[in-house]
Amino acid sequence: MDHSAHHTGTAHDHASHEDHHRHGGHATHHGEHAHGGASWPMAAKATLHCLTGCAIGEILGMVIGTALMWGNVPTMVLAITLAFLFGYSFTLFAVRRAGLDFKAAIKVALAADTVSIAVMELVDNGIIALVPGAMDAHLSDGLFWSALLGGFAVAFVITTPVNKWMIGRGKGHAVVHAYH
């Protein structure tokens, strides 16, 4: 692409421009965001990042709710709450490490992950609710784990295109890329 029209009559630091483009796997100013697209690997990586936090929180919530002998509704509420908490925390820690203050880091985490986590939780909990017997299965039951892991797998497949669409428009996980 000829960028000379963008820079006519202005100083331009080509070294920093090249560094910006070498930031492997991330969309750039003149790259994917500017043209409305995002790569599938980038979207899958963002979804996996989100899924990891969600899975940790959700499994922990299920274990705690089951250990406390709570019913299905309070256990799911705890699991979903912890899924959001852990999902956000992964991004929060990453952008804090990059130098953002806590308030700004929270804003970035909320902007980056809310839609992704919400879609993921809706899909995976919907699957668990639809699998006969899964809501009443115990942690020691294969049905519990197969419904949960199957829900995560389907949620990943459905959430990845959502993340690809959002990243391609500079939304969702794309807001984190400025801090890598």
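All figures in this text were calculated on a predicted structure; none of them were measured in a lab.
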Identify the two heavy atoms, one from Val176 and one from Ala112, that lie closest to each other, and give their separation to 0.1 Å.
CG2-CB, 3.4 Å
What pairs with Thr114 under side-chain hydrogen bond (donor to acceptor under 3.5 Å, both in side chains), at least two apart in sequence or on another chain?
Tyr88
Over all heavy atoms of both residues, which pair between Asp124 and Gly151 is shortest? Give the atoms and the distance, please.
CB-O, 3.4 Å
For the hydrophobic clusters of this structure (ILVMFWY residues joined by side-chain heavy atoms under 4.5 Å, transitively), does one cluster hold both Ile106 and Ile117?
yes
Give a yes or no answer on whether the side chain of Lys164 reaches the backbone of Ala38 with a donor-acceptor pair at less than 3.5 Å.
yes
Applying a strict under-4.5 Å side-chain criterion to I, L, V, M, F, W and Y, I'd like to know whether Trp145 and Met76 cluster together.
yes
Of Val63, Ile64, Leu68, the one forming a side chain to side chain contact (heavy atoms under 4.5 Å, CB included) with Leu78 is Ile64
Identify whether Leu85 and Leu60 are in the same connected component of the hydrophobic contact network (ILVMFWY, side-chain heavy atoms under 4.5 Å).
yes
Ile128 side, atom CD1; Leu148 side, atom CG - distance, nearest 0.5 Å:
4.5 Å
Tell me, with the steps shown, if His173 and Met166 meet side-chain contact (heavy atoms from CB on, under 4.5 Å).
CA-CA 8 Å; His173 197 76; Met166 290 178 58; over 6 Å; no
Between Val175 and Gly170 the two heavy atoms that sit nearest each other are CG1-O, 3.9 Å
Mind checking the OG1-CD spacing from Thr75 to Glu58? Nearest 0.5 Å is all I need.
11.5 Å
side-chain hydrogen bond (donor to acceptor under 3.5 Å, both in side chains) involving Asp136 - partner list, sequence neighbours excluded
Asn72
Could you see if Trp70 belongs to whatever hydrophobic cluster contains Met135? Use Ile, Leu, Val, Met, Phe, Trp, Tyr and a side-chain cutoff under 4.5 Å.
no
Within the structure provided, determine whether Ile56 and Phe90 are in side-chain contact (heavy-atom separation under 4.5 Å).
yes
For Pro161 and Val157 the tightest heavy-atom approach is CD-O, 3.0 Å
When rounded to the nearest 0.5 angstrom, what distance separates NE2 in His49 from CG in Leu51?
11.0 Å
Applying side-chain contact (heavy atoms from CB on, under 4.5 Å) to Leu92 and Phe102, what does each step give before you reach the verdict?
CA-CA 8 Å; Leu92 182 69; Phe102 192 71; 3.9 Å; yes
Taking Val154 as the starting point, is it possible to reach Val119 by hopping between hydrophobic residues whose side chains are less than 4.5 Å apart?
yes
For Asn163, the side-chain hydrogen bond (donor to acceptor under 3.5 Å, both in side chains) test, sequence neighbours excluded, returns Thr47, Ser116
Could you tell me whether the side chain of Asp141 and the main chain of Leu143 form a donor-acceptor pair under 3.5 Å?
no
Mind checking the OG1-CG spacing from Thr159 to Leu48? Nearest 0.5 Å is all I need.
11.5 Å
Shortest non-hydrogen contact from Ile167 toward Ala46:
CD1-CB, 3.9 Å
Considering non-hydrogen atoms only, spot the tightest contact between Phe144 and Met62 and give its length.
CZ-CB, 3.8 Å
Which value, rounded to the nearest 0.5 Å, describes the distance between Leu139 atom CG and Ile59 atom CD1?
10.0 Å
How many angstroms lie between CZ in Phe86 and OG1 in Thr81, if you round to the nearest 0.5 Å?
12.0 Å
